[in-house]
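Below is one structure, written out as structure tokens, with a few remarks after it.
In the text below, chain A, chain B and the rest are named by the order of the sequence lines, each starting its count at 1.
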Number of protein chains: 2
Amino acid sequence: MPTKTFFNLSEPKRKRIFSAAVEEFASRRFSEASINQIVKEAGISRGSFYQYFTGKEDLYLYVLTEIGKEKISAAVPHQVSDNEDFFTAYLAMIKDILAWARERPLYTKIWMLMEFDDSEFIAKLTAQFPNAWGRLRELIERDKKLGRIRPDVNSDMVIQILYNLNLHFQKAIIRRGNLDDLLPQVEELVKILRGGIAIV
Amino acid sequence: MPTKTFFNLSEPKRKRIFSAAVEEFASRRFSEASINQIVKEAGISRGSFYQYFTGKEDLYLYVLTEIGKEKISAAVPHQVSDNEDFFTAYLAMIKDILAWARERPLYTKIWMLMEFDDSEFIAKLTAQFPNAWGRLRELIERDKKLGRIRPDVNSDMVIQILYNLNLHFQKAIIRRGNLDDLLPQVEELVKILRGGIAIV
DNA sequence: TACGTATATGACAACCCTGTCATATGCCGA
DNA sequence: TCGGCATATGACAGGGTTGTCATATACGTA
């Protein structure tokens, strides 16, 4: 948690620091991110930084919290009804995420880099936050009971497939800003997931 | 390529350096690996290192070449016959990899860490080597013609699914060195890929 | 033995990084 | 105006990294 001193700062200054942090954390993994770079970019002195935050972890947590706040207030949580099956719910969710990725590419990149950081701190962090995929898992279980999904499939594996492919799509977005040909790909993925690829 | 001086060295000394390099490259990504650590472990001086190799890249390339030599001489390349379909071929490939991983855990870890390194050097390196996934793609195409795989599925998407899940498994292995529960997971993945999860 | 070549060495400069701390400046109320 | 508190600063120490280079030692041959 940032210090009282930090919150006493003027909003422009706070935003300057926040932006600098976002920029750094979106370009390097947490473990490689440099406080030096951040203070330079934010135009504050090294000493000041340690008067605002106890260290890099503190700042990172603050950035994540702020991003989370904005995301919650921005995203309209997708409502799932009973006659909407898992597949369409997933597609809707993906569309939400893709929209968010287009709107806030830096935030998305921070999230992505977090995925590829093996530091102790990041491991602990991701372990704490229960992700959105948990809700999706529940949908699979529900559809199993409703007779829409084969009860013998491993729900976790399905989530793993979707989660990792999602990561792949995000990577693609960041590389080449175009996301028009992405939705067809997701639809292709859903098609394969739904019916498999083998001829029986 | 290492210098003439390096190859003039006694075999024990060469092996000592090689082992130290393997150990370092198996515990940190290439970009994070430290020459200091390697020379310390190998018991040679910093100056000597630069008399053997032009730099870290040179050493890394040498290590990869040596590993490649050993792999080629050790692994019996898996032969794919016509009556063996894509799924069993894929499973066989995974089993080969797992066997190799058990035999040479450090080499496998080097290969895994390479996947998660975004440095320029590693990007160029992996771009050069045509990967095993290309061959797998050909198998899918073949099975489409043989009427084993639905011709309307996107082969690239199938490869993407396998590749990204593979990446995920790698990550899990790196985090907690256990690879015993991997095969069941891969089998579950194949099951889903084969027949899908929906009830029609 | 003596000399030239091959090999080994670690100090060095240069460049990163972090966290601290004595000092300086700003601000506000008495 | 003056004191006291809040805030800002950058030099500093200590740690890491890399690549170089003058020097020292070993080795082999004449």
Side-chain angles (χ1 to χ4, degrees), chain A residues 1-21 23-63 113 117-122 125, chain B residues 1-21 23-63 113 117-122 125:
Chain A
M1 203 156 24
T3 62
K4 207 187 80 191
T5 312
F6 175 73
F7 290 111
N8 286 343
L9 258 41
S10 72
E11 199 188 310
K13 189 163 190 176
R14 252 183 297 131
K15 286 220 162 170
R16 230 169 56 226
I17 294 169
F18 174 76
S19 299
E23 212 164 298
E24 179 69 5
F25 288 135
S27 65
R28 315 209 212 173
R29 270 182 275 263
F30 169 79
S31 19
E32 285 148 14
S34 151
I35 294 176
N36 269 357
Q37 285 302 321
I38 294 170
V39 299
K40 204 174 110 192
E41 177 69 26
I44 63 171
S45 77
R46 197 163 172 66
S48 288
F49 175 84
Y50 284 98
Q51 218 142 14
Y52 305 150
F53 306 94
T54 64
K56 200 164 55 159
E57 288 85 354
D58 198 19
L59 172 61
Y60 194 73
L61 247 30
Y62 171 68
V63 166
L113 287 178
D117 196 310
D118 2 350
S119 68
E120 275 298 315
F121 173 67
I122 294 294
L125 196 62
Chain B
M1 202 156 26
T3 61
K4 205 186 81 189
T5 312
F6 176 73
F7 289 112
N8 286 344
L9 257 41
S10 73
E11 198 188 311
K13 189 163 189 177
R14 252 184 296 131
K15 283 221 164 172
R16 231 169 57 227
I17 295 170
F18 175 75
S19 298
E23 213 165 297
E24 178 69 5
F25 288 136
S27 65
R28 316 207 212 175
R29 270 181 275 263
F30 169 79
S31 19
E32 285 148 14
S34 150
I35 294 177
N36 268 358
Q37 285 303 320
I38 294 171
V39 298
K40 204 174 108 191
E41 178 69 27
I44 62 171
S45 76
R46 196 162 174 69
S48 288
F49 176 86
Y50 283 99
Q51 217 142 13
Y52 306 151
F53 306 95
T54 64
K56 201 163 54 158
E57 288 85 354
D58 198 19
L59 171 62
Y60 194 74
L61 247 31
Y62 170 68
V63 167
L113 287 178
D117 196 310
D118 359 355
S119 68
E120 275 297 316
F121 173 68
I122 294 294
L125 196 62

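Residues B:R29 and A:D118 are paired through a salt bridge, judged by an N-O separation under 4.0 Å between the basic side chain and the carboxylate. Ionic pairing of B:E11 and B:R14 is not present here: no N-O contact between side-chain nitrogen and carboxylate oxygen is shorter than 4.0 angstrom.
Checking each of A:Y62, A:Y60, A:F18 against A:F25 for a ring-ring contact (aromatic ring centres under 6.0 Å, His included) leaves exactly one that passes, namely A:Y60.
Taking atom CZ on B:R14 and atom P on C:dA8, their separation rounds to 12 Å, with Å as the unit. Here C:dC15 presents its C1' atom at 13 Å from NZ of A:K40, a figure rounded to the nearest Å. Between the CD1 atom of A:I35 and the C1' atom of C:dC16 there is a distance of 14 Å, rounded to whole Å. Going from atom OH of A:Y50 over to atom C1' of D:dA11 covers 15 Å, rounded to whole Å. The interatomic distance linking A:K4 (NZ) with D:dT7 (P) rounds to 7 Å, in whole Å. At whole-Å resolution of the value, CD in A:E24 and C1' in C:dC16 are 13 Å apart. Rounded to a whole Å, the CD atom of B:E32 is 13 Å from the C1' atom of D:dT17. To the nearest angstrom, C1' of C:dT20 lies 11 Å from CD of A:Q51.
Within the 4.0 Å cut-off from OP1 or OP2 of D:dA8, at least one side-chain nitrogen or oxygen of A:K13 is found. When the side-chain nitrogen and oxygen atoms of B:N36 are compared with OP1 and OP2 of D:dT18, one or more of them lie within a distance under 4.0 Å. When the side-chain nitrogen and oxygen atoms of B:S48 are compared with OP1 and OP2 of C:dT9, one or more of them lie within a distance under 4.0 Å. In this structure, A:Y52 reaches the D:dA8 phosphate: one of its side-chain N or O atoms is under 4.0 Å from OP1 or OP2. Residue A:T5 places none of its side-chain N or O atoms closer than 4.0 Å to OP1 or OP2 of D:dA6. Within the structure, every side-chain polar atom (N or O) of A:S45 is placed at least 4.0 Å from both OP1 and OP2 of D:dA8. Not one side-chain nitrogen or oxygen of B:N8 sits closer than 4.0 Å to the OP1 or OP2 atom of C:dA6.
Residues A:Q37 and B:I44 both approach DNA chain C. Their nearest nucleotides, taken by heavy-atom distance, put B:I44 toward the 5′ side. For the pair A:R28 and B:F49, both in contact range of DNA chain C, the more 5′-proximal nearest nucleotide belongs to B:F49. Both B:K56 and B:G47 lie close to DNA chain D; mapped to their nearest nucleotides by heavy-atom distance, the more 5′-ward contact belongs to B:K56.
Nearest heavy atom pair, residue A:S34 against residue A:R28, reads CB-NH2, 4.2 Å.
Taken from CD1 in A:I44 to NZ in A:K13, the straight-line distance is 7.0 Å, to the nearest 0.5 Å.
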